[in-house]
Amino acid sequence: MRKPFICGNWKMNTNRAEAVALAEAAAATAADVPAVEVGACPPACYLEAVLAAAQGTPLVVGGQNMYVEPKGAFTGEIAGPMLADLGCTYVILGHSERRHVFGEPDDLISKKVKAAFEVGLKPILCVGELIDQRRAGETESVVRRHVTTGFEGLTTQQAADVVIAYEPVWAIGTGETATPDQAQEVHAFLRRLLADLYDARLARAVRIQYGGSVKPENARDLMAQADIDGALVGGASLKADSFAAIISGAAQAKGP
Ligand code: PGA
């Protein structure tokens, strides 16, 4: 019922030619593996080139961030209506690098989620604990806060369109992955939380991606977990063959 969703987060990487080549390869894989939704979130300056490469293919495209206001004197920021105007489907919000490198607080991320829906963008809401928080036994309280604030004020219809990406911060870009069991435990917790906040039906509908050093070698075991519905992939999405292998791994794990 939940279509697996594998999305590349290219962060501040690639040049224009590399972005187009990666998008073309991802689009070809998306066409080959229709059981999996495939997405790419390139740097904003290459969105247009990537969207052109994705046109007429099943590849969906998203922004990596947006500002909460629709326009105005906010030098350097990109607005939701601009992403929508280009043809983006998704926007990543609350990524750990936005939270921890750029200091974005929960209430700002919450406003961004609502601003995204106002222009028809679907948010990929990132949640996840720091290593010290995990060691202190605070994982559930941290992700509960991220989800509760991120979903604040959303209708059930909107909530169903949010993609959650559970990304333990200690696993991002470090090569250290949460074990499938560690990830599943948090994903199951998040689904129970959604059932509390909304209802069981909504909780069953929302897709929860895992993110943090997903690679071809670990993708299949992670995706085999009942509550893991895909992945937000950083480093390994920058190589066409490893991204394709992760997509195939997801199809195999979720396939009949
Ligand atoms: P990573 O990044 O796959 O390089 O760990 C994931 C992310 O930050 O979304």
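Atoms within a ligand are numbered from 1 in the order they appear, just like the ligands themselves.
A side-chain donor from one of W170 and E129 sits under 3.5 Å from a side-chain acceptor of the other. Judged purely by distance below 3.5 Å, without hydrogens or angles, the side chains of E37 and Y90 pair a donor atom with an acceptor atom.
For the pair R98 and F102, the cation-pi criterion (under 6.0 Å, within 45° of the ring axis) is fulfilled.
Taking every heavy atom of K11 and a limit of under 4.0 angstrom, the matching atoms of ligand 1 come to 2 (O), 7 (C), 8 (O). If you number the atoms of ligand 1 from 1 as listed, the ones under 4.0 Å from a heavy atom of G235 come out as 1 (P), 3 (O), 4 (O). Residue contact check: S213 has heavy atoms under 4.0 Å from atoms 1 (P), 3 (O), 5 (O) of ligand 1. The distance from ligand 1 to the heavy atoms of G212 drops below 4.0 Å at these ligand atoms: 5 (O). Heavy-atom proximity to L232, at under 4.0 Å, picks out these atoms of ligand 1: 6 (C), 9 (O). Which parts of ligand 1 touch E167 is read off a 4.0 Å heavy-atom cut-off, strictly below it: atoms 6 (C), 7 (C), 8 (O), 9 (O). Near G173, meaning under 4.0 Å from one of its heavy atoms, ligand 1 places the atoms 1 (P), 4 (O), 5 (O). Near H95, the atoms of ligand 1 lying under 4.0 angstrom from a non-hydrogen atom of the residue are 7 (C), 8 (O), 9 (O).
A side chain to side chain donor-acceptor pair (under 3.5 Å) with D229 is found for one member of R2, K254, R207, H187 and no other, namely R2. Partner of F5 under the side chain to side chain contact (heavy atoms under 4.5 Å, CB included) criterion, chosen from V36, V163, V38: V163.
Once rounded to the nearest 0.5 Å, the distance linking CD of E185 with CD of Q225 reads 11.0 Å. Between the OH atom of Y166 and the OH atom of Y210 there is a distance of 7.0 Å, given to the nearest 0.5 Å.
Looking at A171 against ligand 1, only its backbone comes within 4.0 Å, counting heavy atoms. Only the side chain of N9 comes within 4.0 Å of ligand 1, judged by heavy-atom distances.
Between K112 and E104 there is a salt bridge, with a side-chain nitrogen of the basic residue lying less than 4.0 Å from a carboxylate oxygen of the acidic one.
The protein heavy-atom contact nearest to atom 3 (O) of ligand 1 is G234 N, 2.8 Å.
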